[in-house]
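Heads up, the thing below is written out as structure tokens.
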Amino acid sequence: MSEISKAYEPQTVEDKWYQFWLDEKCFVADATSSKPAYSIVIPPPNVTGMLHMGHVLNNTIQDILSRKARMDGKEVLWLPGTDHAGIATQMMVEKQIKKEEKKSRHDLGREEFLKRVWAWKEKHGDIIINQLKKLGCSCDWTRERFTMDPEYSRCVQKVFVELYKKGLIYRGKRMVNWCPVSQTALSDEEVEMKPQKGFMYHFRVEAVESDGSPVKSANARPLTVTSHEPSAPQSPNAGTVSPSPGGVATAAMAGEGELSSRSADSKSAPEIDSAGRIWLTIATTRPETIPGDTAVAVNPKDPRYAHLIGKYIVRPLPAELPPEQKLIPIIGDEHVDFEFGTGVLKVTPAHDKADFDIGARHKLPLIEVINADGSMNPLAGGPLSGLDRFKARKVAVEILKEQGVLVEEKPYENNVGFSQRADVPIEPRLSEQWFLKYPAVEQSKACVHHDQDSERVPMADARVSAESLGSSGDAPFSKGSLAPARAAGVSDKMRFHPQRWAKVYDHWLTNIQDWCISRQLWWGHRIPVWTKSVLKSEAKKALPETLWSAFENAKDRDTNNHTAYIFVPLAQKSDEKSFVRMDWTISSDKIEITAATEFPSEAVILEEFGFTQDPDVLDTWFSSWLWPFATMGWPEQTETLKKFYPTTDLVTGPDIIFFWVARMIMAGYEFMGDAKFALPDAMPFRNVYFTGIIRDKQGRKMSKTLGNSPDPLVLISQYGADALRFGTMRSAPLGQDVLFDEKDVELGRNFCNKLWNACRFRQMQGSAGASPASEDAPSEQFEIQGEIVRTLLTPDDKWILLKLDLAIREVTIALNEYKFSEATSALYRFFWNEYCDWYVEASKAVFFSSSRGNEAPSEKSEIDQSLLTSAATAQKANSLAVMDFVLSHTIRLFHPFLPFITEELWHGMGYSTDMPAGQGGKTIMNAPWPLPLTDDETGEWGLDDCYLEMTDTKYELVRNGRDLRRAGNIQAAKKVKYVFKPAQHLTPHDAEVIKLLLNAEALEVNETFQPPKGTPSVQSPMGELFLPLEGLIDVAAEKIRLAKEVEKIQTEITKVEQKLANPNFTTKVPPAVLQEHEQRLADWKTKLAHAQAALDALG
RNA sequence: GCGCGGUUAGCUCAGUGGUAGAGCAUUACCUUGACACGGUAGGGGUCGCAGGUUCGAACCCUGCACCGCGCACCA
């Protein structure tokens, strides 16, 4: 800090120190270290992503935790990496290729397309990593991982095969969430329900017999209108209302006309027309799926319809089919809610999840009418075929209108599942996919802590240990933070912060369905399954001998559709342990064989045998869920795993609690429970901190389309990374969403500048002796070596040392409880409001008055000049020593939050030179985290708490004295003289401090001062302060001020008096509280007396 | 429908039973020797509503309202 600039300039400082940390390998974790471990795995950002505010929040927190842990003496591993993000990345590259070459991925072919994605990854993969570096993240970059690294892919395959062998992974033709844009299946978690405005269409169909002849209404009895369920609207005509004439109703569709009132009736019962024919009205939001209907269902308990079960209806679409091909049964199914709609449900087993289940129960045929891309296929009928599903909906409605069967069309809002990625409605679609039955569910449920009061007991790994807090921990620590240090080797449960997420997690785990893990994409881990299908008749010839004999010897081999397992030694391998497990399915003429293997060599052999690999890839989360251990060398027993697994903290957003957190926990129990790892626990982390979601200042989510997402790098270049970090942390309370405002970053920058200038001020006061004096420093060489001398400590010194002690406690506790905004606020308050506003200002009394020792007034001339000078010098040096003590602690407290500026100051202020190389001598990163003052220190320096109160009283007097100025309408610049009438002895130091803080020209201390009538004054336990204005006083203004004050005091007195007059209060309240109230009353009364006297004096 | 948050100054939020707080914004004054990215002083609040518990409630309990989120959803 030789040429110290007036304002802090972060840009050069940040780059310089980041490079230094990298060069010095400060972030590299040593798995062989004897220090206790602390570890975090980064939630891997998308490899081609860009840093956004969510990353800033998330990674700043991780960096704070990591840096704090290093200062606590832990061996820290913060393991970074990126995620291949299947759909997102593939879509991005496809879009690019489309734009630049007007080609689809299919034009390029799989191999070429994957080349392009890899090229894209190589080109853009470092961007986000470099952005994290800009932010100051102290990740161990030597261990950076990517979810498609060869070793990582190996883990994914191994896990797949293991689960497959356990029978937890299976293939099945099921209803899945299909995204017609990405053209892939999705998991339930990737579907987002959104309210959608549409229409509810009611159309009617005739109930017929199996031969197509009308069901006679006579047969229909015992239906009577009055036997309806209570909720059904009663209508005397309902049973006999006339059917609408053919070709009815296009104009009145909006719902107000005759038609709609009749349709209300139609809800209550089937209509019976004059010819005695029975009509059912069906409600649907998706008329385009009518061609796929294979039944209509009613509730068997519904008296309106139950008698029709077993009859048929004629499906209106496709219109061109002959009626006999459109006959579908009326079935009874409990699923139908007869209070909803008309109580008649059209069943489309191929295009609706619930309908599929109904179809399965009733063995209904499936008619698929929608293609993978969301268009209709020929089975939907001529007019619909080829149309997009939404267009087809409109056309289907037109056809129903033409047929005269549409009875109502009313606006309707319902929830529709959307593909999270592509933002289009998903299509429930039947397809063959791979599914996973989640493993270790029960363990995963049991492992999370649920106690209500656990928020106060933060660290299961005893991150807060007795020694890390110092032995003198009393008041603030006794709240419980020191509490249960976990007994060594005993696993505790995992903790969520804030805890309420445990309930959400639990609920999800209780209700999970199997996970659809296959994706019809190309970018991702290809499913390690190979299949081969041979004609039964040619099996012997077509199969390798080993396989054929295994097949031939298998029991039940002729059973149709029978699945069994055979283990086949691979012919080319002599190693007997080398088996690939194969499943086979035999149908009437074919044998289908399936094999899964994680080994590339076996895959090659399988291919030689004519097996082909499943074309699908795995869900991206199927690789992410292995992140905590696959990045550490699993399945080998690496040093890293032994040292750093389970990780200490996970920091992530609650939006991926199901996608990622829950699944990682299950994977941890499933794959890390193996005794060979000799781990204390299989759980992947001990604490999960859920950040809030970053929103803009209007509370909206940040999104590209809204354009409300600021670019963190722009903010960093404008304000500095420290400023961004500090501002974000200050406004990010535990568990709350963060409303981001650039003002917060500005605040951070201002704070850094304040810190910078406070150090600059210290620097300008010269050397305290520890570091050599620079050329232009005062000529005196201080003797005291920067040590604090008790006898020279002023009350202000003691006050700031005590405040520092409190700040250390407060910040440490806040960090241990993951309360980052609390820690930041405490530091801000301490440094700005206590250190800068009061201590630094008060210290000027020492610096400036001692330097004026040479100009001592004449009455002191007898005192030896040199003695005076040296006393003043010693006093000054002592204050500098206190400043250094406070600053060197403060800078360390700030380091996790503001890594760059603190490193710069640490060196610039020379604090690094006092430390051993490994403990701050080289970098502040390894400097010890400040401990609360020890009993030795407080005893040595005489830091009694009474100095807090004493000095607060002094500062309060100053505040009131300043107020007199304003009350007297005196400009801030105008130098004024105050008179102080002390109640007891006032030290010259305190007099000087008061004078300086009042910005007074002079402070006359006069024990016998007789103020002229009307002199404004303030009262304090220290004495009375006057601002004599010699007739310049604005009497009216002063009267108003005093009157106001009297009023205020009286209000307070009344409040306290009322309390004290209540016998209930005086008898029931704890003595301390009672005493406090009595004291308060006395204080107010004194104040009142003075204010009243002053007011009276004005006449 | 079920569950979870929230409601305190103009804005964003702290505040777990004992004198209502911070930052920003705002008003007035000040470029004094670290800092105008600064200083000093001020104005501004029936703590969502209604009950209850208590000597005492922003805080604990009950109910309600409104805002947000999650889960489940019936055409």
Side-chain angles (χ1 to χ4, degrees), chain A residues 4 6-8 193 200-202 282-286 289 296-297 335-348 352 354-355 412 414-415 498 500-501 503-504 507-508 511 654-655 657-658 693 695 697-699 719 723 727 730-731 733 735-741 743-744 746-765 819 821-822 825 828-829 833 836-837 840-841 844 847-848 959 962-967 969-975 997-999 1051-1052 1055-1056 1059 1062-1070 1072-1074 1076-1077 1080 1084:
Chain A
I4 190 158
K6 201 169 165 185
Y8 173 57
M193 300 305 276
M200 177 73 89
Y201 305 95
H202 288 221
I282 302 174
T284 182
T285 53
R286 300 201 62 188
T289 63
V296 296
H335 168 79
V336 180
D337 176 354
F338 46 75
E339 291 182 19
F340 189 88
T342 58
V344 185
L345 171 68
K346 73 192 240 343
V347 183
T348 325
D352 183 282
D355 289 4
Y412 184 74
N414 65 338
N415 280 333
R500 62 190 152 85
W501 292 110
K503 207 168 175 178
V504 177
H507 182 253
W508 182 78
N511 297 298
D655 48 335
I657 188 167
F658 312 137
I693 292 170
R695 299 168 179 282
K697 58 182 167 186
Q698 285 140 47
Y719 299 101
R730 202 171 175 285
S731 55
Q736 297 282 78
D737 283 357
V738 184
L739 270 58
F740 177 82
D741 188 342
K743 282 274 176 201
D744 293 327
E746 205 177 308
L747 174 95
R749 180 207 45 188
N750 295 352
F751 185 81
C752 289
N753 194 52
K754 190 79 176 173
L755 182 60
W756 181 258
N757 274 292
C759 289
R760 190 163 157 250
F761 173 79
R762 158 66 191 88
Q763 204 73 334
M764 288 165 96
Q765 303 316 313
K819 292 176 178 167
S821 64
E822 231 167 76
S825 306
Y828 183 98
R829 189 214 63 232
N833 303 134
C836 293
D837 289 351
V840 170
E841 293 307 318
K844 289 175 182 173
F847 297 132
F848 300 151
R959 243 191 301 264
R962 285 166 175 169
D963 191 24
L964 289 179
R965 229 180 229 281
R966 175 187 154 85
N969 276 329
I970 298 161
Q971 301 228 317
K974 182 163 179 178
K975 287 281 181 184
L997 293 177
L998 284 170
N999 193 23
T1051 313
E1052 294 299 332
K1055 271 204 262 181
V1056 185
K1059 273 191 166 183
N1062 184 348
N1064 275 326
F1065 179 79
T1066 47
T1067 52
K1068 291 187 183 173
V1069 112
V1073 174
L1074 186 61
E1076 189 264 326
H1077 276 76
R1080 201 192 301 165
W1084 282 124

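We name chains A, B, ... by the order of the sequence lines, and we start the count at 1 in each one.
- Every residue meeting the ring-ring contact (aromatic ring centres under 6.0 Å, His included) condition with A/Phe658, not counting sequence neighbours, appears here in chain and number order: A/Trp508.
- If you check B/A34, B/U19, B/U32 against the side chain of A/Asn999, the one that comes closest is B/U32.
- Look at the C1' atom in both B/U53 and B/G63: the space between them is 15 Å, to the nearest Å.
- For the C1' atoms, the distance linking B/A58 with B/G48 amounts to 12 Å, nearest Å.
- Using P as the reference atom, B/G44 and B/U7 are 24 Å apart when rounded to the nearest Å.
- Evaluation of atom-type donor-acceptor distances gives no pair under 3.5 Å for the side chain of A/Lys6 against the base of B/C35.
- Shown here are the side chain to side chain contact (heavy atoms under 4.5 Å, CB included) partners of A/Asn414, two or more places apart in sequence or in another chain: A/Gln196, A/Thr285, A/Tyr412, A/Val416.
- Map A/Arg959 and A/Val840 each onto its nearest nucleotide of RNA chain B; the residue landing nearer the 5' end is A/Val840.
- Going from atom CZ of A/Arg749 over to atom CG of A/Leu747 covers 10.0 Å, rounded to the nearest 0.5 Å.
- Look at A/Tyr412 and you'll find a side-chain N or O under 4.0 angstrom from OP1 or OP2 of B/A75.
- Counting non-hydrogen atoms under 4.0 angstrom, A/Leu345 reaches a base of the nucleic acid.
- For B/A20 and B/A14, the C1' atoms lie 12 Å apart once the distance is rounded to whole Å.
- Nearest nucleotide to the side chain of A/Asp837, out of B/A34, B/U40, B/A41: B/U40.
- Remark: A/Lys1059 engages A/His1077 in a side-chain hydrogen bond (donor to acceptor under 3.5 Å, both in side chains) (not counting sequence neighbours).
- Pairing for B/C2 is with B/G70, a Watson-Crick or G-U wobble pair whose two hydrogen-bonding atom distances lie under 3.5 Å.
- Counting non-hydrogen atoms under 4.0 angstrom, A/Asp352 reaches nothing in the nucleic acid.
- A cation-pi geometry, defined here as NZ or CZ lying under 6.0 Å from the six-membered ring centre and within 45° of its normal, holds between A/Lys844 and A/Phe761.
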Review item, nucleotides 55-57 of chain B N/O atoms under 3.5 Å of protein N/O:
residue: B/C55; atom: OP1; partner: A/Lys1068; partner atom: NZ; Å: 2.3
residue: B/C55; atom: O2'; partner: A/Asn1062; partner atom: ND2; Å: 2.9

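- When distances are taken from the side chain of A/Arg730 to each of B/A75, B/A41, B/A22, the shortest belongs to B/A22.
- Remark: A/Tyr8 pairs with A/Trp756 by the ring-ring contact (aromatic ring centres under 6.0 Å, His included) rule, at least two apart or across chains.
- Shown here, B/A65 forms a base pair with B/U7; the pair counts as Watson-Crick or G-U wobble because both key distances fall under 3.5 Å.
- Of the listed nucleotides (B/U19, B/A34, B/A75), B/U19 has the atom at the smallest distance from the side chain of A/Glu1052.
- Atom CG of A/Asn999 is separated from atom CD of A/Glu841 by 9.5 Å, given to the nearest 0.5 angstrom.
- Side-chain atoms of A/Glu841 and base atoms of B/A34 include a donor and an acceptor less than 3.5 Å apart.
- When the side-chain nitrogen and oxygen atoms of A/Lys743 are compared with OP1 and OP2 of B/A25, one or more of them lie within a distance under 4.0 Å.
- A/Lys754 comes within 4.0 angstrom of a nucleotide base, judged by non-hydrogen atoms across all strands.
- If you check every strand for non-hydrogen atoms under 4.0 Å, A/Trp1084 touches a base.
- Between A/Asn414 and B/A75 there is a side-chain N or O to OP1 or OP2 distance below 4.0 Å.
- B/A20 is unpaired under the criterion used here, namely a Watson-Crick or G-U wobble arrangement in which both key atom distances are under 3.5 Å.
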Polar-atom pairs under 3.5 Å, protein N or O versus N or O of nucleotides 1-4 of chain B: list them with distances, or write none.
residue: B/C4; atom: OP1; partner: A/Lys503; partner atom: NZ; Å: 3.1

